[in-house]
Amino acid sequence: MALLEGKIGLICGVANRHSIAWAVAQAWRDAGAALVFTYQDERHCRNVQELLAGLPHESVLCPCDVTNDADIDATYKVIAEKYGRLDFLLHSVAFAPRKALEGSFIQTSREDFCVTHDVSAYSLVALSRGAVPLMTSGGSMLSISYYGAEKVVPNYNVMGPAKASLEASVRYLACDLGPRNIRINCISAGPVSTLAARGIKGFQDILSQHAACAPLRRNVKAEEVGAAATFLVSDAASAITGQVLYVDCGYNVMGV
Ligand code: NAD
């Protein structure tokens, strides 16, 4: 039997075929899960619809701007009506205004700081809370972080504190959700060339630096993040919660 056979997963964060969320979706689908997808807005809807059209089984698709509680409620209502339960949640969502991803961190405006933390960190709390009533037989949640949460990465700026908040939220949520047998973890992924990543000034330099310095001397592939995501939500990881798993070709262990 496939690892996730008979399970139902919610995937938040597919923008296009390069998205980390799409790599995770493919891995979860290959492992046998049925999937529900959200998209941010009409601009992303067509892309996601085209991707889903290529899948062998029909997938459920819901609009969900994660800053909008009504959208989150509506998404879980659709899942409740269609399946009556949920096993996994992928939160693969982040945003910072472009001007905040270049120059000095000290110049970050209050507004840019707030919107970045709202979309990139608080949304995990809101999405998790909505998922709990549907995870009646336990469940597993997963978010995607980056090394900029703990070390300074040029131009990552306000996204660094937002990822630090995301990782701390994973630990606090793990404590709240553990008694319900719901696990939550995050993957700290090495750099992958995606729409969001290309918004960071000098992202190509980050890619080259990682490939040159990581013990494996290369960058991670999105499908490797998908494989780790499958492990983390599967029963093989049944005692793992509140963790940050590095899927970065080992980059984080290097000093110099
Ligand atoms: P991406 O652009 O493909 O995905 C980002 C997603 O966030 C998009 O689908 C976008 O629609 C969604 N989003 C943004 N604002 C939203 C909102 N208000 N409501 C709903 N959705 C919203 O880029 P990606 O690199 O696949 O990013 C996915 C996650 O992976 C992010 O959390 C990112 O920080 C993280 N990450 C990326 C890298 C990398 O190098 N690409 C490395 C480590 C972590």
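Whatever order the structure lists ligands and atoms in, that order sets their numbers, starting from 1.
Summarising the geometry of Ala121 relative to Ala162, their closest heavy-atom pair is CB-O, 3.7 Å, with the distance given to 0.1 Å. Taking all atoms of both residues into account, the shortest heavy-atom contact from Gly242 to Asn185 is N-OD1, 3.1 Å. Nearest heavy-atom pair, Ile206 versus Pro154, reported as atom, atom and distance to 0.1 Å: CD1-O, 4.2 Å. Scanning both residues, Ser59 and Leu52, for their nearest heavy atoms gives CB-CD1, 4.0 Å.
Looking at ligand 1, you won't find any N or O of Ala189 less than 3.5 Å from one of its N or O atoms. Checked by distance only, ligand 1 and Ser193 stay at 3.5 Å or farther apart across all their nitrogen or oxygen atoms. Not one N or O of Phe95 is nearer than 3.5 Å to an N or O of ligand 1, by distance alone. Residue Ala197 has no nitrogen or oxygen atom sitting less than 3.5 Å from a nitrogen or oxygen atom of ligand 1, judged on distance alone.
Not one N or O on the side chain of Ser104 forms a donor-acceptor pair closer than 3.5 Å with the backbone of Gln107. Remark: the backbone N or O of Asp112 is paired with a side-chain donor or acceptor of Ser109 at under 3.5 angstrom. In this structure, Asn157 contributes its side chain and Leu101 its backbone to no donor-acceptor pair below 3.5 Å.
Of the protein's non-hydrogen atoms, Ser145 O, 3.1 Å is the one closest to atom 43 (C) of ligand 1. Of the protein's heavy atoms, Ala94 CB, 3.6 Å lies nearest to atom 31 (C) of ligand 1. Counting only heavy atoms of the protein, atom 4 (O) of ligand 1 lies nearest to Gly13 O, 3.6 Å. When hydrogens are left out, the protein atom nearest atom 28 (C) of ligand 1 is Ser92 OG, 3.1 Å; that is the closest non-hydrogen contact. The protein non-hydrogen atom at the shortest distance from atom 25 (O) of ligand 1 is Thr194 OG1, 2.5 Å. What sits closest to atom 32 (O) of ligand 1 on the protein, heavy atoms only, is Lys163 NZ, 2.8 Å. For atom 3 (O) of ligand 1, the nearest protein heavy atom (residue, atom name, distance) is Ser19 OG, 2.6 Å. Of all protein heavy atoms, the one closest to atom 38 (C) of ligand 1 is Ile20 CD1, 3.8 Å.
A distance of 5.0 Å separates CG of Leu124 from OG of Ser143, quoted to the nearest 0.5 Å.
Close contacts between ligand 1 and Ala15 involve ligand atoms 3 (O), 8 (C), 9 (O) [criterion: under 4.0 Å to a heavy atom]. Each of the following atoms of ligand 1 lies closer than 4.0 Å to a heavy atom of Val192: 39 (C), 40 (O), 41 (N). Against a heavy-atom cut-off of under 4.0 Å, Leu195 is close to the following atoms of ligand 1: 2 (O).
Contacts between Asn16 and ligand 1 below 4.0 angstrom, taking non-hydrogen atoms only, are absent altogether. With a heavy-atom cut-off of 4.0 Å, His44 touches ligand 1 through its side chain alone.
Residue nearest to atom 30 (O) of ligand 1, selected from Asp71, Leu166, Ile144: Ile144 (by heavy-atom distance). Between Gln40, His18, Arg198, it is Gln40 that holds the heavy atom closest to atom 11 (O) of ligand 1.
With 3.5 Å as the limit, one finds no donor-acceptor pair spanning the side chains of Asn47 and His44. For the 3.5 Å distance criterion, the side chains of His91 and Ser123 qualify, holding a donor opposite an acceptor. A donor and an acceptor atom, one from each side chain of Ser137 and Arg85, are nowhere located under 3.5 Å apart.
With respect to the salt-bridge test (charged N to carboxylate O, under 4.0 angstrom), the residues Glu81 and Lys77 qualify.
Using a non-hydrogen distance threshold of 4.0 Å, Cys64 registers as a contact of ligand 1.
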